[in-house]
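Keep in mind that what you see is a predicted model, and the values were worked out from it rather than measured. Chain naming here is simple, since letters A, B, ... match the order of the sequence lines and numbering starts at 1 in each.
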2 protein chains.
Amino acid sequence: MAERKTSDERRDEIVRATLRLVATKGFAGVTLRDVAAEVGVVHGLIRHYFASRDDLVAAAFDDAVTRELASDRAQLEGLEPLAALAGWLSATPEHHYRVWIDAWSEAPRTPALATALDRHHRDCERILIDLIERVVDAGIATSADPAADARMLTAVADGVAVQHHAMDIIGVDEADTIVLGAAEQRLGLAPGSLARAHPAPARGHWAAV
Amino acid sequence: MAERKTSDERRDEIVRATLRLVATKGFAGVTLRDVAAEVGVVHGLIRHYFASRDDLVAAAFDDAVTRELASDRAQLEGLEPLAALAGWLSATPEHHYRVWIDAWSEAPRTPALATALDRHHRDCERILIDLIERVVDAGIATSADPAADARMLTAVADGVAVQHHAMDIIGVDEADTIVLGAAEQRLGLAPGSLARAHPAPARGHWAAV
DNA sequence: ACTTTTATTGTCCAGTTGGATAACAGTGGC
DNA sequence: GCCACTGTTATCCAACTGGACAATAAAAGT
């Protein structure tokens, strides 16, 4: 009677449903029954795929970020160095950052989440380092220490995202202005050059969620 | 038989206990029974002071930040402009930022928390603006738009705090290096001047908790 | 001394939680 | 066609939750 899905399909379905719920209710607020209801199955089934609730949320975060970073990387490679840098630094959709902010808050209490978070943060730094090096190699910008610059600019982007998404103190335009302005100053770019290179609202992030 | 405390004393006790627990278990993870146990009373008593759990955590956050900002303001006034700026921007203790990061993640779901968070974030910006203006008035630094500079530097400090406290990717020294370095560049200060002006580890924040 | 107030307790409740477990039902190997 | 496998369901459970409530005892007012 019941349509039966393959293991991989179902697992993927559960992970995506979990992530959708985490974005609105937070890691701590998502229950197995929530996820089961979102998928349309019995809550016991979740346990068939994930050993514990902590495993589930950590896997959901891990899968989602892995997928997103791969998609972002591919998207950025097709752009000019300056446009790619601007695209990476500009504001990302709300549900994206809501999950990251929740992860920051939960990581100290959930080792599996902490591991995933640490790895993906370093991935993000790596991507930014590469972008900076591309701009420097193109002779447009200067950077004595791309790793240090990436670390600082990642901090700016995260802090601005908090002001924008968590507190709604600034809008998306001001968020971009601050982050891109900081990058221009830090990398010796002409003021406004990054803002102008900013590609069309490539809000492709997490489109697959 | 039982020693009976005044309303204000008890309320304060509850608020501080709540905050201590929030720092380790997060806003969503603190239960009325946890708080009651920490204070050493029955959980019903908490309800006598706070109408609901949400009221409790919002009041705890609000009270704590109000107290801390007042203490910080007093402490900063006694310092030279440069030292005050460095002191404000340098890393703050873990339990302090753990609460803020949790507040960022919970605010979108808890209106009372969102209100308190919004107000206190603006307070923090205001403090930094004043500090910047003091340094500018002293002829040490330049700032075309203190408000914009404060907003950007607050973002850096928050983002660095995440990397330091939530992810443990950087240590306290590197955290200070990044934030103070960013401020030096932004405000046209000589490189290293803020780091040198950095007062002795004035880790007085939240000492009263 | 008495009454009023209120800080504090102990207990109850209905709802929700994560997890365990046994039965059931498609699916693929042989 | 049979069987092992595993995706799936339906319950059960002990623990915990926020909140409600009446009873108690200490303080304050008079």
Side-chain angles (χ1 to χ4, degrees), chain A residues 1-22 24-63 102 105-107 109-113, chain B residues 1-22 24-61 63 102 105-106 109-113:
Chain A
M1 187 203 264
E3 295 286 314
R4 194 165 157 181
K5 309 213 171 181
T6 70
S7 182
D8 284 349
E9 277 176 344
R10 188 60 95 186
R11 190 193 149 93
D12 211 53
E13 208 176 9
I14 293 174
V15 161
R16 288 169 193 271
T18 304
L19 203 73
R20 241 175 292 136
L21 291 172
V22 168
T24 60
K25 312 180 64 167
F27 280 103
V30 174
T31 75
L32 298 184
R33 282 170 174 85
D34 287 340
V35 177
E38 176 89 7
V39 176
V41 295
V42 180
H43 86 277
L45 186 61
I46 311 295
R47 271 278 315 225
H48 181 67
Y49 287 90
F50 298 92
S52 74
R53 193 191 150 280
D54 280 0
D55 267 27
L56 170 64
V57 293
F61 178 75
D62 199 41
D63 278 31
D102 263 322
S105 115
E106 284 295 319
R109 292 182 287 274
T110 311
L113 235 184
Chain B
M1 186 205 263
E3 296 286 313
R4 196 166 157 179
K5 309 212 171 182
T6 70
S7 183
D8 284 349
E9 277 174 344
R10 189 59 98 185
R11 190 194 148 95
D12 211 53
E13 208 177 7
I14 294 174
V15 160
R16 290 170 193 269
T18 303
L19 204 74
R20 242 175 293 136
L21 291 172
V22 167
T24 60
K25 312 181 65 168
F27 280 103
V30 173
T31 75
L32 298 184
R33 281 170 174 86
D34 287 339
V35 177
E38 176 88 5
V39 176
V41 296
V42 180
H43 87 277
L45 186 61
I46 309 297
R47 272 276 317 218
H48 180 67
Y49 287 91
F50 298 91
S52 74
R53 193 190 149 281
D54 280 1
D55 266 26
L56 170 62
V57 294
F61 178 74
D63 279 29
D102 263 322
S105 115
E106 284 294 320
R109 292 181 287 275
T110 311
L113 235 182

* Asked: Does B/Arg47 place a side-chain N or O at less than 4.0 Å from the phosphate oxygens OP1/OP2 of D/dA20?
  -> yes
* Whole-Å gap separating P (D/dC5) and CZ (A/Arg10) -> 23 Å
* Asked: Would you say the base of D/dG18 and the side-chain of B/His43 have a donor-acceptor pair closer than 3.5 Å?
  -> no
* Please determine which of B/Val41, B/Ile46, B/Val15 meets the side-chain contact (heavy atoms from CB on, under 4.5 Å) test together with B/Arg10. => B/Val41
* Structure fact -> Here the pair of heavy atoms bringing B/Leu113 nearest to B/Phe61 is CD2-CD2, 3.7 Å
* Whole angstrom value for the distance that separates C1' of D/dT17 from CG of B/Asp54 -> 14 Å
* Asked: Separation of A/Ile46 atom CD1 from C/dT17 atom C1', in whole Å?
  -> 14 Å
* Say whether, by atom type as modelled, one donor and one acceptor occur between the side chain of B/Arg53 and the main chain of B/Val30 under 3.5 angstrom. => yes
* Asked: Quick one: A/Leu45 CG to C/dA20 C1', roughly how many Å, whole number?
  -> 15 Å
* Within the structure shown, what part of the strands sits under 4.0 Å from A/Val39 by heavy-atom distance: base, sugar-phosphate, or nothing? -> nothing
* Asked: Starting at the 5' end of DNA chain D, which residue's closest nucleotide do you reach first, B/Gly29 or A/Gly44?
  -> A/Gly44
* Asked: Expressed in angstrom and rounded to an integer, what is the separation of A/Phe50 atom CZ from D/dG7 atom P?
  -> 12 Å
* Does a side-chain N or O from A/Tyr49 land closer than 4.0 Å to OP1 or OP2 of D/dT6, or not? -> no
* Asked: What is the distance from CD1 of A/Ile14 to P of D/dT9, rounded to the nearest Å?
  -> 10 Å
* Asked: Where the side chain of A/Thr31 is defined as all heavy atoms beyond and including C-beta, which of C/dG18, C/dA7, D/dG18 is the nearest nucleotide?
  -> C/dG18
* Within this structure, what is the NE2-to-P distance between B/His48 and C/dT8, rounded to whole angstrom? -> 7 Å
* Would you state whether a donor and an acceptor, one from the side chain of B/Arg33 and one from the base of D/dG18, lie under 3.5 Å apart? => yes
* Using whole Å, report how far CG of B/Asp8 lies from P of C/dT6. => 13 Å
* Answer with base, sugar-phosphate or nothing: what part of the nucleic acid does B/Thr6 contact at a heavy-atom distance below 4.0 Å? => nothing
* Asked: Of all heavy-atom pairs between A/Leu19 and A/Ala60, which one has the smallest distance, and what is that distance?
  -> CD1-O, 3.8 Å
* Examine C/dG18: is either OP1 or OP2 under 4.0 Å from a nitrogen or oxygen in the side chain of A/Arg53? Give yes or no. => yes
* Asked: DNA chain C: A/Asp34 or B/Ser7, which has the more 5' nearest nucleotide?
  -> B/Ser7
* To do: Look at the side chain of B/Thr24 and the backbone N and O of B/Leu21, then say whether any donor-acceptor pair between them is shorter than 3.5 Å.
  => yes
